[in-house]
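Letters A, B, ... are given to chains in the order of the sequence lines, protein chains preceding strands, and every chain is numbered from 1.
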Number of protein chains: 2
Amino acid sequence: MSATDDFIAAKDDFISQWGALGTSWGISRTMAQVHALLMISPESISTDQCMEELQISRGNAHTNLKELVGWGLVRIVVKKGERKEFFEAEKDVWKIFTIVLRERKRREIDPAVELLKGCAERSKHVKSAEGKAFHEQMNELQDFAVFASAVGETISRLKYGPAIKYADKFLGMLPKDKTIG
Amino acid sequence: MSATDDFIAAKDDFISQWGALGTSWGISRTMAQVHALLMISPESISTDQCMEELQISRGNAHTNLKELVGWGLVRIVVKKGERKEFFEAEKDVWKIFTIVLRERKRREIDPAVELLKGCAERSKHVKSAEGKAFHEQMNELQDFAVFASAVGETISRLKYGPAIKYADKFLGMLPKDKTIG
DNA sequence: CTCATGTTTCAAAAATTACTGAAAGTATCC
DNA sequence: GGATACTTTCAGTAATTTTTGAAACATGAG
């Protein structure tokens, strides 16, 4: 088997397995596959190419491409002389990470903070032992969620360089000698 | 409306909305609700109490309680004189966080590292420009995933105190004057 | 051993989520 | 304007995930 065959197999594997992983990240299989396809495409691709490569319908391709644009993980590119839209993915790994981090914070942490705040507030004046325990637990969860949200926010604003420096300095770790971002 | 009414409403709200949030965290609504219920229960509860409070079937209650035990978020308690099992949740917020962090790393990052490693390996000897770009991208993603995995691992081993100290020192933030964990 | 109490499993049903394909909508060109 | 090229929406369908309820399985007491 040639190196090229291996490469083609690896490419297909990457797309299909990245899709499978997507489901454990809370996004749909197809959205993750579209993202995978775009991340490894040297050229920007059209909706039709996306449909073709992944064997999916136009509606599906369209929805997922636009959702990725909504996340900020994919940009629309207009080519001169062409009427259709082309799409290209953000390829910088640190940027991808910060985008995903910010989005997950927004979807997963911020609503929890709101909920906890409300629950803490409404149990503030309760006298029973059970009530006090509830209020206390809501406060602890809220404090943590607020803290996590702030940490996420700060990290997501960091450039790759400073981030890696912090990680190295305080956790004593660095990915070999490589530049990641 | 009395403080007690507010408290009851807040409790119900917490359980139902924590459940809804659960779906955006990649766990089922019911598992999150069971977790919510246990987190705010001063006493350990039985499968039957769980079924009763959440109005769910025995199979469902059982499966989710055991899954939470599997995560390490819930412990089985045996009461003397009682034949049935009771369940109680870990209430320490930092411990909950480290458990969830470790589990998510295991499910969401580690499999990605494996995939990326394989794809990088199989595209190592490819000569084409497209192939080199693919190989390069796999390497960058892999380096980042390995790095993230290591950071997650390190944080999950930290006690609350040191963690908060790091966060404070390097990101300049602390949740007011509170102890969280 | 047998009954009573509790736990576990699992096939079928229900609920949720994702996908298709075609029709409607927009924009550009001639 | 009309024709063409492309984008967007969405009702219906398909796939997946979750839940039920009942049967099978355990365990301890008498």
Side-chain angles (χ1 to χ4, degrees), chain A residues 15-38 43-71 73-88 107-108, chain B residues 15-38 44-71 74-88 107-108:
Chain A
I15 292 173
S16 89
Q17 291 197 235
W18 194 258
L21 282 171
T23 59
S24 78
W25 302 333
I27 63 174
S28 85
R29 186 193 323 296
T30 305
M31 180 167 153
Q33 285 185 345
V34 172
H35 185 223
L37 172 64
L38 284 166
E43 301 296 328
S44 60
I45 71 172
S46 65
T47 305
D48 293 76
Q49 286 171 294
C50 181
M51 292 165 62
E52 170 67 21
E53 295 263 7
L54 304 178
Q55 292 292 305
I56 58 176
S57 71
R58 180 172 304 282
N60 198 11
H62 176 262
T63 305
N64 284 295
L65 283 165
K66 283 301 163 86
E67 185 141 7
L68 285 164
V69 171
W71 276 61
L73 290 167
V74 167
R75 279 178 295 273
I76 296 172
V77 178
V78 185
K79 292 190 181 174
K80 41 188 170 185
E82 293 266 16
R83 252 164 87 180
K84 40 166 163 294
E85 293 182 327
F86 288 77
F87 300 87
E88 76 180 8
R107 300 177 165 216
E108 302 183 6
Chain B
I15 292 173
S16 88
Q17 291 198 232
W18 195 258
L21 282 171
T23 59
S24 78
W25 303 332
I27 64 174
S28 84
R29 186 191 326 295
T30 305
M31 180 167 152
Q33 286 184 343
V34 172
H35 185 223
L37 173 63
L38 284 165
S44 61
I45 72 172
S46 65
T47 305
D48 293 76
Q49 287 173 292
C50 181
M51 291 165 62
E52 168 67 22
E53 295 262 7
L54 303 178
Q55 293 291 306
I56 58 176
S57 71
R58 180 172 305 283
N60 199 9
H62 176 262
T63 305
N64 284 295
L65 283 165
K66 283 300 161 87
E67 186 141 10
L68 285 164
V69 171
W71 276 60
V74 167
R75 280 177 295 272
I76 295 172
V77 178
V78 186
K79 292 190 181 176
K80 42 187 170 185
E82 292 267 16
R83 250 163 90 182
K84 43 166 163 297
E85 293 182 328
F86 288 77
F87 301 88
E88 75 178 11
R107 300 177 167 215
E108 303 182 7

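- Rounding to the nearest 0.5 Å places CE of B:Met31 at 5.0 Å from CH2 of B:Trp71.
- Using a 4.5 Å cut-off on side-chain heavy atoms (C-beta onward), B:Arg58 and B:Thr47 make contact.
- Atom CD of A:Gln55 and atom C1' of C:dT20 are 13 Å apart (whole Å).
- When rounded to the nearest whole Å, the span between CG of B:Leu65 and C1' of C:dT9 equals 16 Å.
- Taking CD1 of A:Ile56 as the start and CD of A:Gln33 as the end, the distance is 7.5 Å to the nearest 0.5 Å.
- Relative orientation of the A:Trp18 and A:Trp25 rings is perpendicular, given thresholds of 30° and 60° on the angle between their planes.
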Requested in this report: Would you sort out whether B:Phe86 and B:Ser46 count as a side-chain contact (heavy atoms from CB on, under 4.5 Å), showing the intermediate values?
Outcome: CA-CA 4 Å; B:Phe86 288 77; B:Ser46 65; 4.0 Å; yes
Listed pairs under 3.5 Å, donor-acceptor, residues 73-83 of chain A side chains, sequence neighbours left out:
from: A:Arg75; atom 1: NE; to: A:Glu88; atom 2: OE2; distance (Å): 3.3
from: A:Arg75; atom 1: NH1; to: A:Glu90; atom 2: OE1; distance (Å): 3.1

Between protein and nucleic acid, restricted to nucleotides 13-19 of chain D and to nitrogen or oxygen atoms under 3.5 Å apart, what atom pairs and distances do you find?
from: D:dT19; atom 1: OP1; to: B:Thr30; atom 2: OG1; distance (Å): 2.2
from: D:dT19; atom 1: OP2; to: B:Thr30; atom 2: OG1; distance (Å): 3.2
from: D:dT19; atom 1: OP2; to: B:Asn60; atom 2: OD1; distance (Å): 3.4
from: D:dT19; atom 1: O5'; to: B:Asn60; atom 2: ND2; distance (Å): 3.4

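- Note: A:Leu37 CG to A:Leu54 CG = 5.0 Å, rounded to the nearest 0.5 Å.
- Residues A:Ser24 and B:Glu108 approach most closely at O-OE2, 3.2 Å, considering heavy atoms.
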Protein-nucleotides 5-7 of chain C N/O pairs closer than 3.5 Å?
from: C:dT5; atom 1: O2; to: B:Arg83; atom 2: NH2; distance (Å): 3.2
from: C:dG6; atom 1: OP1; to: B:Lys84; atom 2: NZ; distance (Å): 3.4
from: C:dT7; atom 1: OP1; to: B:Glu85; atom 2: N; distance (Å): 2.7

